[in-house]
Amino acid sequence: MDSLLQCIVKEITRQYRRLSVISNPDGFLRRKDTIRAMKEQADITVLSFSQLELRVWFETVFKEDTANRFVVLMDDTTKLVADIYNQAFVTVFKTRDLLLTYNQQAIDLNKITYQMMAHLFENKSVALMDRQKTISVMESAEIMYGKDGEDISIVKQNLMGIVIDWQKPLQTIEQISKQIVKAVKQGKYKELEPEIAYINQSFQQHLNARYRQLITATGPRVVHKILAHIERTYSIGSKVALVVVDGLSYWQYTILEEYFADEGIVAHNGVCHAWIPSVTQQSRQAIFRGAAPERNYIQNPSNEEKLWRNYWCSRNYEDFHVKYAYENLPDIPHEVERLAFVTMTVDDDMHSAHSMKQLFNDTEEWAKNFVKTLKSIIDKGFEIILTADHGGVPSYGWGNLSQHEKAALYETGSRGLRHLIFNNLATQENFVQSHPDIIEQWMVYGDSVVWRNNKCFGTSDCISHGGSHVLEMLVPLATLKKQV
């Protein structure tokens, strides 16, 4: 039992009473994470009742259950009937009484999670703290635990409690992403890696069984079908913008999504598979080509714009109805009906980040600004299809390729930290067979070899992409509209 809970239990229970009836005006004891801590650490069940509900529960449950201890939270404990009062310990609990050495004006109990409170309790001083010192400790607690600051052991349990169903990829990746964000914002992603690895093994089995079928599916199950989806969904004359955020993992999308409501944006979320290998030259090309990528394609904004224009102009759109923008969004003429906008900021942040915590902080800062760009597009009459070409995954150096192995690779865009593209299938086969100890860690797909797990080529650790890991393969495919 942690020191905070020891103190709380001491204040609100007595050994000679199995029942406590508590008034807690600030509501801290009603928090789900506080109730969970009471049950898991002290084996005390916390309930909330009205006077009538308490009477029914007292007669039907409490009198029959003679083994367990209960805390009942009530707004008013002054009107208890005599038989309940005589069997209960009754008191008022004020959470601020635990933090008396802090500057009270600097503490907002509405924003404090159980783990934040535990941090404040354990770091209180004997002497009174001034406002600045209190704010400093509060900020430290929020950085580590924040509004989603469950203990990492609980996050791990939640992650392993998710029902993994890749036939329902949106539901599955949303639940996974929620737990990843909780860990990443605390700087504790590494502690989730065993659980992430277990989930990823399941995802690799899904890819083995279904990826080729997904490629041929009618709907946008893989990124090369996004343009066809737009064509089917939006008629000529309607205005739609394809926004491609290079490198946006689904967990990062959930951070962006938190800012939608403030800007009057409504999202209909979906998910899509990246192309394998999950690199820009292949997967983003597939998005803008509207078909499987071509090997000799040179990735740059000019060629990407050509793909975008060719797709729509070949479908009876005039050239002036089609526009492409890269990084900076210019003025959009009124006659534009098919707009594409590509931003590299998230991908740049990923490759430069030294930790997932840094990437989380960078993503939050980006999201606060980028949501305004999305709103400006919507305000011009567009619906937005927001997606990414790939995500990213923290990876650990496996080792360098030999010069002989490098010579077997295709000349353009063939070697990344998590993927290799070979000149031909014979050299690919020779490479794979020369490493029998790790064949199972690779996906051999077409003329490529990509990492399935969290390894990378080279000797340095990194956050990167190119492989078939679930965090780089499942990307958002969201429709954004103005809130009505």
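Note that the coordinates shown come from a computational prediction; the quantities given were computed from them, not determined experimentally. One-based numbering along the sequence shown.
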Please check if the side chain of His390 supplies one atom and the backbone of Gly466 the other of a donor-acceptor pair under 3.5 Å. no

As a quick check of understanding, evaluate side-chain contact (heavy atoms from CB on, under 4.5 Å) for Met38 and Ile12, giving each step before the final call. CA-CA 11 Å; Met38 291 281 289; Ile12 67 173; 3.7 Å; yes

For the side chain of Gln204 and the backbone of Ser468, is there at least one donor-acceptor N/O pair under 3.5 Å apart? yes

Parallel, tilted or perpendicular, as decided by the 30° and 60° cut-offs, for the rings of Phe457 and Trp442: tilted

Side chains of Arg452 and Asn208: does their closest heavy-atom pair fall under 4.5 Å? yes

Verify, without hydrogens or angle tests, whether Thr172 (side chain) and Lys168 (backbone) share a donor-acceptor contact under 3.5 angstrom. yes

Is atom NZ of Lys79 surrounded by more than 12 heavy atoms (other residues, nucleotides or ligands) closer than 6.0 Å? no

side-chain contact (heavy atoms from CB on, under 4.5 Å) between Val245 and Tyr253, intermediate numbers included: CA-CA 10 Å; Val245 182; Tyr253 169 73; over 6 Å; no

Taking it one step at a time, do Asp379 and Lys372 satisfy salt bridge (charged side-chain N to carboxylate O under 4.0 Å, His left out)? CA-CA 10 Å; Asp379 286 345; Lys372 299 183 184 303; over 6 Å; no

Could you tell me whether Lys133 atom NZ has more than 12 heavy atoms of other residues or ligands within 6.0 Å of it? no

Between Leu73 and Arg30, what is the shortest heavy-atom contact and its length? CD1-CG, 3.5 Å

Enter the distance from Phe62:CZ to Leu54:CG here, rounded to the nearest 0.5 Å. 10.0 Å

Check this for me: Glu327, atom CD, are more than 12 non-hydrogen atoms of other residues, nucleotides or ligands nearer than 6.0 Å? yes

Run Tyr234 and Glu383 through side-chain hydrogen bond (donor to acceptor under 3.5 Å, both in side chains) and show every step you take. CA-CA 10 Å; Tyr234 298 91; Glu383 284 192 9; 2.7 Å; yes

Under-4.0 Å salt bridge between Glu174 and Lys178: no

Quick check: do Thr45 and Asn68 have side-chain heavy atoms less than 4.5 Å from each other? no

I would like to know whether Lys481 and His268 meet side-chain contact (heavy atoms from CB on, under 4.5 Å); could you show each step before the answer? CA-CA 8 Å; Lys481 304 178 182 180; His268 177 72; over 6 Å; no

In this structure, CD1 of Ile162 is separated from CD1 of Ile176 (nearest 0.5 Å) by 5.5 Å

Could you tell me whether the side chain of Tyr259 reaches within less than 4.5 Å of the side chain of Glu364, counting heavy atoms only? yes

Run the ring pair (Phe, Tyr, Trp, His ring centres under 6.0 Å) test on His206 and His273 for me, step by step, so that the C-alpha distance in whole Å, both residues' side-chain angles and the decisive distance to 0.1 Å come before the verdict. CA-CA 12 Å; His206 156 73; His273 292 71; 5.3 Å; yes

Using side-chain heavy atoms (C-beta onward) and a distance below 4.5 Å, is Phe288 in contact with Asp389? no

Please check if the side chain of Asp26 supplies one atom and the backbone of Lys94 the other of a donor-acceptor pair under 3.5 Å. no

Of all the heavy-atom pairs spanning Gly391 and Val475, show the shortest one and how long it is. N-CG1, 3.9 Å

Would the distance check show the side chain of Glu122 and the main-chain N or O of Leu4 forming a donor-acceptor pair, the cut-off being under 3.5 Å? no

Nearest heavy-atom approach of Ala127 to Thr101 is O-CB, 3.7 Å

From Ile173 atom CD1 to Asn269 atom CG, the distance as rounded to the nearest 0.5 Å: 12.5 Å

From Thr373 OG1 over to Phe341 CZ, what is the distance, rounded to the nearest 0.5 angstrom? 6.0 Å

Between OG1 on residue Thr13 and CG on residue Leu19, distance to nearest 0.5 Å: 11.0 Å

Using side-chain hydrogen bond (donor to acceptor under 3.5 Å, both in side chains), reason through Ser50 and Glu53 one step at a time and then give a plain yes or no. CA-CA 5 Å; Ser50 65; Glu53 290 169 336; 3.3 Å; yes

Donor-acceptor contact present, side-chain Tyr189 to main-chain Pro394, <3.5 Å: no

Quick one: are Thr113 and Arg31 in side-chain contact, heavy atoms under 4.5 Å? yes

Lys32 atom NZ, over 12 foreign heavy atoms within 6.0 Å: no

Identify the heavy atoms of Gln252 and Gly247 that sit nearest to each other, and give their distance. OE1-O, 3.4 Å

Full working for side-chain contact (heavy atoms from CB on, under 4.5 Å) between Leu192 and Val184: CA-CA 9 Å; Leu192 288 192; Val184 168; over 6 Å; no

side-chain hydrogen bond (donor to acceptor under 3.5 Å, both in side chains), that's the test. Do Asp165 and Gln171 meet it? Break it down for me. CA-CA 8 Å; Asp165 184 356; Gln171 176 181 317; over 6 Å; no

Is there a side-chain contact between Glu11 and Asp97, using heavy atoms and a 4.5 Å cut-off? no

Do Val342 and Pro301 come within less than 4.5 Å of each other through their side chains, counting heavy atoms only? no

Identify the heavy atoms of Ser283 and Val223 that sit nearest to each other, and give their distance. OG-CG2, 3.5 Å

Does Val279 offer a backbone N or O that forms a donor-acceptor pair with the side chain of Gln282 under 3.5 Å? no

Look at the rings of Trp366 and Phe370 and say which category their plane angle falls in: under 30° parallel, 30 to 60° tilted, over 60° perpendicular. parallel

Measuring centre to centre across the rings, with the benzene-like ring taken for any Trp, is Phe49 within less than 6.0 Å of Phe58? no

Are the side chain of Ser23 and the backbone of Asp76 linked by a donor-acceptor contact shorter than 3.5 Å? no

For Thr280 and His465 the tightest heavy-atom approach is N-CE1, 4.3 Å

Side-chain contact, heavy-atom cut-off 4.5 Å: Met356 with Leu359? yes

Just checking, is any N or O donor in the side chain of Asp2 or Gln41 under 3.5 Å from an acceptor N or O on the other one? yes

Any donor-acceptor pair under 3.5 Å from Arg69 side chain to Ile44 backbone: no

Scan residues 65-108 for pairs that pass ring pair (Phe, Tyr, Trp, His ring centres under 6.0 Å), counting only residues two or more places apart or in two chains. Trp57-Phe70

To the nearest 0.5 angstrom, please state how far the CG atom of Leu207 sits from the CH2 atom of Trp166. 9.0 Å

Any donor-acceptor pair under 3.5 Å from Arg131 side chain to Gln104 backbone: no

